Colleague: 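One structure is given below, represented as structure tokens, and several questions about it will come after.
Values below: every heavy atom of this structure, side chains too, minus hydrogens, waters and symmetry copies. Start at 1 and go down the list; that is how both ligands and their atoms are numbered. Since we're looking at a predicted model, the values are computed, not measured.
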Amino acid sequence: MSGRSSARWGQHFLINPSIRDFIVSLAELSAKDVILEIGVGTGFLTEALAKSGARVIGIEKDPKLLEQAVALLGNFDNVFLHCFDVLELDLDLLLQRFSKDNIKLVSNLPYYLSTEIITRVLFCNVDWQLAVLMVQREFAEKTFLGIPRRKRGPLSVIVPFIVEVQGMWPVPRSAFRPMPRVDSVIVKLCFKREKLDKPLLDKLWRIAQCLFAERRKKVGTVLKRCFPQLSPRIILNELGLENARAEDLSPADWLSLIKALPAMEKGSGE
Ligand SMILES: C[S@@+](CC[C@H](N)C(=O)[O-])C[C@H]1O[C@@H](n2cnc3c(N)ncnc32)[C@H](O)[C@@H]1O
């Protein structure tokens, strides 16, 4: 594997067995589970997942790495490896035949795709049970904890309506080869059984995208452009949000706001 491709596809491999085993323990695996692993690399984590007896579906974009994983995992009849680009994958289609099983996502993600992958995972129709993910610390803090406030965005707005963050654990840079230049954390997410219904979630996503596109402006100013026929100021005054910017809104504020606003034309304001 060349140094160039390593940087391009986020190939920093976990080499620390204790951290790998900790990830597996967080996933609370049993033989009834179906695990999706995105970016199997050479199969270091995949092997430990497979030993639990759960069925493991592994996706890897790099055919050379996948060859190594196949060589390592050839003896497991509960491991199914595919050479796919995760961004071209239909998660609903891939996992639909497991809809009655406990579906879990366990991955050391390619960090450069974290936003795209998490967005797809949250918006697909798969009935996820939990996710245990290795991600960049800064990404985890802004996306799952909403800190710092100035880094919040549409993804951090929808997260609390879909998952509960059960914990975040730091991982030293020395746990990877090659060593990354950024800090990493393991994050455990449990998917809520009572989720926001899909039309409301789509509306929240579109309005959050619209408001964060002009994040320095007050919510009322941006809404006026997205809903020219409306007087958002009246709604905002009623909600006590007349001076707020998108990053100031709490989950309860977002919920009140989208319930008070009419449906948005697809594409408007984006
Ligand atoms: C951080 S490494 C993790 C490797 C291994 N699972 C481990 O824990 O050591 C991320 C992996 O994602 C793979 N990857 C990068 N982009 C991808 C994509 N678009 N689709 C699928 N896999 C991808 C990389 O080739 C790499 O093997």
Colleague: Report the residues that fulfil salt bridge (charged side-chain N to carboxylate O under 4.0 Å, His left out) with Glu141, sequence neighbours left out, ordered by chain and then residue number.
Modeller: Arg137
Colleague: Could you measure the distance from the CD1 atom of Ile15 to the CZ atom of Phe176? Nearest 0.5 Å is fine.
Modeller: 9.5 Å
Colleague: Regarding Asp202 and Arg206, does a basic nitrogen lie under 4.0 Å from an acidic carboxylate oxygen?
Modeller: no
Colleague: Checking Phe123 now: which residues fulfil ring pair (Phe, Tyr, Trp, His ring centres under 6.0 Å) with it, not counting sequence neighbours?
Modeller: Trp205
Colleague: With a 4.0 Å cut-off on N to O distance, would you call Arg225 and Glu214 a salt bridge?
Modeller: yes
Colleague: Pick out the protein N or O atoms lying less than 3.5 Å from any N or O of ligand 1, and list each pair with its distance.
Modeller:
| unit_1 | atom_1 | unit_2 | atom_2 | d |
| --- | --- | --- | --- | --- |
| ligand 1 | 6 (N) | Glu37 | OE2 | 3.3 |
| ligand 1 | 6 (N) | Gly39 | O | 2.8 |
| ligand 1 | 6 (N) | Val40 | O | 3.3 |
| ligand 1 | 8 (O) | Asn108 | ND2 | 2.9 |
| ligand 1 | 9 (O) | Leu14 | N | 2.8 |
| ligand 1 | 16 (N) | Tyr112 | OH | 2.8 |
| ligand 1 | 19 (N) | Asp85 | OD1 | 2.9 |
| ligand 1 | 20 (N) | Val86 | N | 2.9 |
| ligand 1 | 22 (N) | Lys61 | N | 3.3 |
| ligand 1 | 25 (O) | Gln11 | NE2 | 2.8 |
| ligand 1 | 25 (O) | Glu60 | OE2 | 2.6 |
| ligand 1 | 27 (O) | Glu60 | OE1 | 2.7 |

Colleague: Indicate every side-chain donor-acceptor pair of residues 70-86 with a distance under 3.5 Å to a residue at least two apart or in another chain.
Modeller:
| unit_1 | atom_1 | unit_2 | atom_2 | d |
| --- | --- | --- | --- | --- |
| Asn78 | ND2 | Ala50 | O | 3.0 |
| Asn78 | ND2 | Ala54 | O | 2.8 |
| Asp85 | OD1 | Leu87 | N | 2.8 |
| Asp85 | OD2 | Lys61 | NZ | 3.3 |

